[in-house]
Amino acid sequence: MNTDDFEKRMQRLPMRPVPPTWRADILRAAREARRSQTAPERSEAVSWWRALFWPSPAAWAGVAAVWALILGLNYSASTPEPTLAAVSAPLASPAELRMALAQQRRLAIELLELTPPTEAESPKPSSEMRPRSDSNVEQVCV
Amino acid sequence: MSPSVELERLYDEHAQALYAFLLHLTRSEPDTHDLLQDLFVKLARHPNLLNDIRNERAFLLQMAHHAAIDLSRRRQTRAQHYDELEAELATAIAPAADPDEQVFREVLSDALAELPPDQRAVVHLKLWEGLTFEEIAEALGVSPNTAASRYRYGIDKLRERLRPLYDETQ
C-alpha cells in the first residue's frame with residue numbers, strides 16, 4: 001500500500017455536515033451572551049442613579065430648582081455695570097482732560113453734599129511762613 | 001459589518017471545519033455542540049479577538065483545541081461519566097452507501113479513536129484541513145518537528161490497522 005495513495009484516499013473522505021439546527025441555536029446563544037454582557041453595565045448605572053434619587057424625588061427636584069435660582073442670581077449680580085470711566089470717551093487733549101477732571105470733582109462734591117471751596121477761604125501765607133529775607137528788610141526799615 | 005453579521009459570517013465559513021475537528025477530538029456530538037457554542041459565545045463577547053489574526057481558520061481551530069483539552073481534563077475527574085459515553089462515540093466521517101466503503105470508514109473511525117488525542121488532532125488538521133506542519137504547530141502549541149512526527153506515527157498506525165481493508169477495496 002502506497003502511503004501517498006492511502007493519505008489521498010483518507011483526504012477524499014467526506015466529513016459529516018454540521019446539523020442544520022445548530023446554526024440558529026449557536027448564533028442565538030452568542031447574541032444573547034453579547035446582550036447580557038452589555039446590559040449589566042447599563043443597568044448598574046441606572047440602578048445607582050435610581051437608588052440615589054428614588055427615596056425623595058420631589059426634594060431632589062426642589063434642591064435642583066434652588067440651585068438654578070442661586071446660579072441665576074449669581075450670574076446677574078456679577079454682570080459688570082458701566083462705570084464713569086468706562087462711559088467717558090477717551091480724551092484727546094490736556095484741556096479736555098482738565099475739564100473732565102473738574103467735572104468729576106464737582107460731581108463728587110455734589111454727591112458728598114459739600115460746597116466748593118471759595119477763593120476767599122483759601123489760606124493766606126502767614127508771616128511765619130514768609131521768607132527769612134523779607135523779615136530782615138522790615139527790621140532794617142525800623 | 002455589524003457584530004451579528006460578522007458572527008454569521010464566521011459560522012458559515014468555519015463551523016463545518018470546527019465541527020469535524022471537535023467531533024474527532026471529543027467523539028461526542030453533545031460535547032461538540034457545547035464546545036462550538038462556547039467558542040462562538042466567546043467570539044461574541046470579544047469581538048476584537050480576531051483583529052490582527054492572519055489565519056482565522058487556524059486561530060479558531062486552536063481555540064477549539066484548547067476548549068477540547070479543557071473539557072477532556074474536566075472529564076478525567078469524572079471518569080465514570082466518561083465511560084458511560086464510550087458507547088455513544090461519534091465520528092466526523094460521513095457514512096457511505098456502499099457497504100464495503102462503509103466498513104472501511106467505520107474501521108477508520110475506530111482506528112482514529114484509538115489514536116492518542118495529540119496524534120489524532122495532527123492527523124485531522126493535516127488530512128482534512130490541509131494545514132502545513134508550521135500551521136499545525138502554531139495551532140497546537142508544539143514545534144513543527146513534533147507535529148510532523150506525531151503525524152507520521154498516527155498515519156503509520158492507521159495504515160497498519162486499515163491495510164487488510166484497503167488492499168481488499170483496491
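Here is how names work: the chains are called A, B, and so on, in the same order as the sequence lines, proteins then strands, and each is numbered from 1. Reckoned from all heavy atoms, side chains included, excluding hydrogens, waters and symmetry mates.
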Problem - Heavy-atom contact with chain A under 4.5 Å, split by part of B/Leu108 - result: side chain

Exercise for the section: Apply salt bridge (Lys or Arg N to Asp or Glu O under 4.0 Å) to A/Glu7 and B/Arg159, showing your working. Expected result: CA-CA 9 Å; A/Glu7 291 177 17; B/Arg159 193 189 324 104; 5.7 Å; no

Exercise for the section: Could you check whether the rings of B/His33 and A/Trp22 sit parallel, tilted or perpendicular, using 30° and 60° as the cut-offs? Expected result: perpendicular

Practice task
Please flag which part of B/Phe40 lies under 4.5 Å from any non-hydrogen atom of chain A: side chain, backbone, both or neither.
Solution key: both

Exercise for the section: Among the options B/Thr91, B/Leu43, B/Leu39, pick out the one with the most heavy-atom pairs lying under 4.5 Å from chain A. Expected result: B/Thr91

Completion exercise
Whatever's closer than 4.5 Å to a heavy atom in chain A on B/Asp38 counts as neither

Problem - Under 3.5 Å: donor-acceptor pair, side chain of B/Arg105, backbone of B/Ala94 - result: yes

Problem - Ion pair A/Arg106/A/Glu110, N-O distance below 4.0 Å - result: no

Practice task
For B/Glu29 and B/Ala90, indicate whether the former's side chain and the latter's backbone hold a donor-acceptor pair under 3.5 Å.
Solution key: no

Practice task
Identify which part of B/Leu23 has an atom lying under 4.5 Å from any heavy atom of chain A, answering side chain, backbone, both or neither.
Solution key: side chain

Practice task
Check each atom of B/Phe21 against the heavy atoms of chain A and say whether the ones under 4.5 Å are side chain, backbone, both or neither.
Solution key: neither

Handout entry: Donor-acceptor pair between B/Arg120 and B/His24 side chains, under 3.5 angstrom
Key = no

Practice task
Heavy-atom distances under 4.5 Å only: say whether A/Leu13 touches chain B with side chain, backbone, both or neither.
Solution key: both

Problem - NZ or CZ of A/Arg9 within 45° of B/Phe104 ring axis and under 6.0 Å - result: yes

Exercise for the section: Select, from B/Leu18, B/Val123, B/Leu10, B/Thr32, the one with the greatest count of heavy-atom pairs under 4.5 Å involving chain A. Expected result: B/Thr32

Handout entry: Portion of B/Lys42 that has a non-hydrogen atom of chain A nearer than 4.5 angstrom
Key = neither

